[in-house]
Amino acid sequence: MLSASDAGRIGRLVLPKKCAEAYFPPISQPEGLPLRVQDSKGKEWIFQFRFWPNNNSRMYVLEGVTPCIQNMQLQAGDTVTFSRMEPEGKLVMGFRKASSTSQSDQDNETSQTGDGVSANGDADLGPSPLV
DNA sequence: AGCCATGCACCG
DNA sequence: CGGTGCATGGCT
């Protein structure tokens, strides 16, 4: 879910650590990687996926999200979802409006391979290995 | 004890 | 003066 700072004009979106390490490629350098993500309209966005050192851990952040957020008219409280299409590894994104009164559910139904998320055989091994 | 949202200091 | 990168505080 987008926070005020996520939706603000800073252009940075803080990513939950668990989500980042589960659905995005592992990165060992703070600069991270440029990610190509496709939305439900087929439009493609490029985000810089990186992290900041925080305490003894990391804070994962998506940079360059402002054009996407503006194009989708997202605001704080709205929910953004990411999924990985296997085996392509293609990233797709969807969003759900926070307006509880008007159920503007979008959900991304690309109906491509139909495989939502998997290809993760190391579920119960603990934290993802780094470097 | 750790995470995450945000404040903020330093650097251009 | 604005942004990046980080630290801190609130909260779980």
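Residue numbers begin at 1 in each chain, while the letters A, B, ... track the order of the sequences. Model, not experiment: these values are computed from the prediction.
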Separation of dA5(B) P from Met1(A) CE (nearest whole Å): 10 Å
Whole-Å gap separating P (dC6(C)) and CD (Glu63(A)): 11 Å
Minimum side-chain heavy-atom gap Pro30(A)-Arg58(A) below 4.5 Å: no
Rounded interatomic separation in angstrom, taking CZ from Arg58(A) and P from dA7(C): 15 Å
With sequence neighbours excluded, residues passing ring-ring contact (aromatic ring centres under 6.0 Å, His included) with Phe82(A): Phe24(A)
Residues Glu44(A) and Arg36(A) bridged, charged N to O under 4.0 Å: yes
Touch class at under 4.0 angstrom, heavy-atom based, for Asn56(A) against every strand present: nothing
Interatomic distance where CZ belongs to Phe51(A) and P belongs to dG5(C) [whole Å]: 12 Å
Contact nearer the 5' end of DNA chain C, comparing Asn54(A) with Arg50(A): Arg50(A)
5' precedence on DNA chain B between Ser57(A) and Asp6(A) (nearest-nucleotide basis): Ser57(A)
Charged tip of Arg84(A) within 45° of Tyr23(A) ring normal and under 6.0 Å: no
Sugar-phosphate only, base, or nothing, as touched by Pro53(A) at under 4.0 Å among non-hydrogen atoms: sugar-phosphate
Distance, rounded to the nearest Å, where Glu21(A) contributes CD and dC3(B) contributes C1': 12 Å
Whole angstrom value for the distance that separates C1' of dA7(C) from CE of Met59(A): 11 Å
Pairwise 5' ranking along DNA chain B for Lys17(A) and Ala4(A), keeping only the more 5' one: Lys17(A)
Sugar-phosphate, base or nothing in reach of Arg9(A), heavy atoms under 4.0 Å: nothing
Contact pattern, 5' to 3', of nucleotides 7-12 of chain B - B, S or - by protein heavy atom under 4.0 Å: B-----
Any donor-acceptor N/O pair, Asn54(A) side chain to Ser57(A) backbone, under 3.5 Å: no
Derivation and outcome, side-chain contact (heavy atoms from CB on, under 4.5 Å), residues Val92(A) and Met85(A): CA-CA 7 Å; Val92(A) 293; Met85(A) 308 291 286; 4.0 Å; yes
Rounded interatomic separation in angstrom, taking CG from Leu15(A) and C1' from dA5(B): 14 Å
Gln48(A) (side chain) donor-acceptor with Glu31(A) (main chain) under 3.5 angstrom: yes
Nearest-Å distance for atom pair CG/C1', residues Leu62(A) and dT4(C): 16 Å
